[in-house]
Amino acid sequence: MSYISLLRFRRLEKATWRKPSSIVPPSYCRFVTSGNENSPSKCLSYPGKPKHSSSYQAIIIGGGHNGLVAAAYLHRAGFKNVCILERRHVVGGAAVTEEIVPGFHFSRASYLLSLLRPSIINDLELKKHGLKLHLRDPSSYTPLSSGYWKGDGPRSLTLSSDLEFNRKQISRFSERDAEVYESYEKWLSRLVAAIDPLIDSKAIDLNFPGSFYSNIKSLMTVAKSAYKLRKEIGSFYDLMTAPASKLLDQFFESEPLKATLATDAVIGAMMGPHSIGSGYVLLHHVMGGVEGKQGAWAYPEGGMGAVSSAMAKSAVEKGVTIFTDQTVKEIMVDDNGSVAGVRLADETEVLSKVVLSNATPQVTFIDLLASGTLPESYLNKVKSVDYTSPVTKINVALNALPNFLADPHAPGSGKASPHHRCTIHLNCEESHMLDKAFQQGQQGLIPDRPMIEMTIPSSLDPTISPKGFHNIIKFDFAQRPYELQNGVQWDDHWKEVYAKRIFQQIDEYAPGFQQSIVGYEVLTPPDLERIFGLTGGNIFHGAISLDQLYLSRPFSSWKAHNQREHYPSLPRTPIKGLYICGSGAHPGGGVMGTPGRLAAEQVIMESKR
């Protein structure tokens, strides 16, 4: 297969433009051009390299957001000599802003902010370092294709933070659903409030290492959540174990509403709305909030790279050293089974007794450790982690906003309507459409009607595209397989086939969309793995399924069925001094920062013994 992600520039007769001076990058940026994999970026680059045999108090592999958070917290706690080694030309991992089409800056992988914990924003002073958020309201828009129109009936469903607005929107489909919707949201809010302490605290380590106080603290956190759940335990159990469709059916009757809400249950997960465990995925995506508004999502000004840049600036200000374009080849372990540092691709050795890996467990334990370093039973657990990914991402540059038939705007106005600022759901008129796409994806097929989620961040953030032009980011969660049926690989031909199918279907909702395309990029699971180091293309560093959560994140710690002994729970590992600080550890994926903070806290606690 081709190892170059698909990039097609279409110069349209009436779409000529020049890169305007207003797109000159801010002074804190350095553009690096080295092909599609290392595109010009609005994220920070840190040239240079560590000296051979240089020594640090802690080394962090990977400059993604969790690695940056871990470094900042370590330095706050007194680690004065911390080093981050990033494989790519910029920091940020999957939270980066890159210039894919000249003049257009895309949040190339991660694309919205909500899950980042407020305590991290405050502790790292991210707003001081340039973080600015554009809150989205309304938040969700589902236009119906013309085949679902019934006379003067509703043609779209828009949801916002305004309860009365939502009631009016939903009542056009079902008066009953309009009355029930507030109860549904309050129910989810109560569950989020109950499990919130678990998100910010380390999972229980069944070896109960460390001090009596630290173990009691973990147990008390669980007890606190259990107490809050005491009146909701039945419904919480249903949420954790039942398909999202079953839960939604218990609340609602209108299909557009159920399908719209079900999209949160399948994001980034290789499952459909009828899959067991999809209810928790739905909950995972309403756990966050922005500016004190629970469940809200925002566009960071300058794209997701602005979040990583603010984190990097905070860490560097505190004294952290960052090196980009430095690939770690091996984690070195001494004869006593303790970590000794890392070896780079050019054989440079960087020494430390503490190494935190922001890479996936697969990369950390299989690719970076020498064979025989870990017990075979532990490696078997690592190999059992599910990294299946349904995600294909398309970054599109446009010369005009999509004009939806369901809610047309004045041609040529160029002004974004409220629904342009939302997450736009297409092919979501009925829940069974999501399930059919999932079933086809499982068979290695490109779905007939993929579930499409579109965002247009330039509708609120004018800094990321030339004036009069727009960026569309489409994350398509219709269970695109890692490889196609019969072992066919995602080469440029199949990417283009897929992109054209997507564009044609968008045209059904917004005629003229295809003619407005200036350029686009398709990123399939293999591309996400190659470019960003996401094993299997999984955006969460491993599925957030029930068997890969909390103390089993991303695998259970027991050594064998007939033994009472347990391996250390992540972020700790069987190798002394080696920790996982990425999303493969509790509490999981999303731009949250908590795995990085919890790993740093574990290191800090053990350093005091």
In terms of side-chain heavy atoms, does [X] have a donor or acceptor partner in [Y] at a distance below 3.5 Å?
| X | Y | value |
| --- | --- | --- |
| Ser174 | Glu253 | yes |
| Thr524 | Asp527 | yes |
| Asp123 | Tyr73 | yes |
| Asn399 | Ser516 | no |
| Gln505 | Tyr509 | no |
| Ser245 | His274 | yes |
| Glu98 | His105 | no |
| Thr142 | Thr260 | yes |
| Thr455 | Arg421 | no |
| Ser583 | His541 | no |

Tell me if a side-chain donor or acceptor on [X] pairs with a main-chain N or O of [Y] at a distance below 3.5 Å.
| X | Y | answer |
| --- | --- | --- |
| Lys393 | Arg108 | yes |
| Asn122 | Pro118 | yes |
| Glu508 | Ser145 | no |
| Asp177 | Ser254 | yes |
| Arg136 | Leu112 | no |
| Ser458 | Pro462 | no |

Provide the closest heavy-atom pair for [X] versus [Y] in the form atom of the first, atom of the second, distance.
| X | Y | answer |
| --- | --- | --- |
| Leu261 | Leu282 | O-CD1, 3.7 Å |
| Pro408 | Ala406 | CD-C, 3.7 Å |
| Gly93 | Phe532 | O-CD2, 3.4 Å |
| Ala499 | Val522 | CB-CG2, 3.9 Å |
| Pro273 | Ser278 | O-OG, 3.5 Å |
| Val290 | Leu113 | CG2-O, 3.5 Å |

Quick one: are [X] and [Y] in side-chain contact, heavy atoms under 4.5 Å?
| X | Y | answer |
| --- | --- | --- |
| Met287 | Asp196 | no |
| Ser156 | Leu144 | no |
| Trp149 | Leu405 | yes |
| Pro138 | His419 | no |
| Lys132 | Lys127 | no |
| Ser314 | Lys128 | no |
| Thr388 | Asn538 | no |
| Ile394 | Tyr498 | yes |

side-chain hydrogen bond (donor to acceptor under 3.5 Å, both in side chains) evaluation trace for Gln548 with Asp386: CA-CA 8 Å; Gln548 295 187 176; Asp386 179 10; 5.7 Å; no
Using the six-membered ring wherever Trp is involved, compare the ring planes of Phe503 and Phe513 and label them parallel, tilted or perpendicular (cut-offs 30° and 60°). tilted
Return yes when atom NZ of Lys224 has more than 12 non-hydrogen atoms of other residues, nucleotides or ligands closer than 6.0 Å, and no otherwise.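 Open: at most 12 neighbouring heavy atoms sit under 6.0 Å from NZ of Lys224.
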More than 12 heavy atoms of other groups within 6.0 Å of Leu188 CG: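 Yes.
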Look up atom CD1 in Ile452 and atom OG1 in Thr263, then write down how far apart they are to the nearest 0.5 Å. 13.0 Å
Going by ring pair (Phe, Tyr, Trp, His ring centres under 6.0 Å), name the pairs with one or both residues in residues 233-262, residues two or more places apart or in two chains. Tyr184-Phe251, Tyr184-Phe252, Trp187-Phe251
Between Tyr111 and Tyr299, is the ring pair (Phe, Tyr, Trp, His ring centres under 6.0 Å) condition met? List the steps. CA-CA 8 Å; Tyr111 63 113; Tyr299 298 123; 8.4 Å; no
Test log, rule side-chain hydrogen bond (donor to acceptor under 3.5 Å, both in side chains), inputs Ser160 and Asp162: CA-CA 5 Å; Ser160 78; Asp162 186 296; 5.4 Å; no
Derivation and outcome, side-chain contact (heavy atoms from CB on, under 4.5 Å), residues Leu398 and Val518: CA-CA 5 Å; Leu398 302 176; Val518 176; 5.7 Å; no
Worked check of ring pair (Phe, Tyr, Trp, His ring centres under 6.0 Å) between Phe404 and Tyr141: CA-CA 11 Å; Phe404 292 97; Tyr141 174 64; 5.6 Å; yes
Please walk me through it: do His470 and His420 pass ring pair (Phe, Tyr, Trp, His ring centres under 6.0 Å)? CA-CA 11 Å; His470 286 276; His420 287 121; 7.8 Å; no
Please identify each residue that fulfils side chain to side chain donor-acceptor pair (under 3.5 Å) with Thr594, with sequence neighbours left out. none
Between Ile544 and Arg553, is a side-chain contact (heavy atoms from CB on, under 4.5 Å) present by the stated rule, with each step listed? CA-CA 8 Å; Ile544 50 173; Arg553 182 72 185 162; 3.9 Å; yes
Hey, are [X] and [Y] close enough for a salt bridge, meaning a charged N less than 4.0 Å from a carboxylate O?
| X | Y | answer |
| --- | --- | --- |
| Glu182 | Arg167 | yes |
| Asp200 | Arg597 | yes |
| Asp249 | Lys258 | yes |

Qualifying residues under ring pair (Phe, Tyr, Trp, His ring centres under 6.0 Å), relative to His425, sequence neighbours excluded: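 His425 satisfies ring pair (Phe, Tyr, Trp, His ring centres under 6.0 Å) with no residue once adjacent residues are dropped.
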Stepwise side-chain contact (heavy atoms from CB on, under 4.5 Å) check, Leu549 with Leu546: CA-CA 6 Å; Leu549 291 175; Leu546 298 182; 4.2 Å; yes
Stepwise side-chain contact (heavy atoms from CB on, under 4.5 Å) test for Val91 and Val96: CA-CA 8 Å; Val91 294; Val96 290; over 6 Å; no
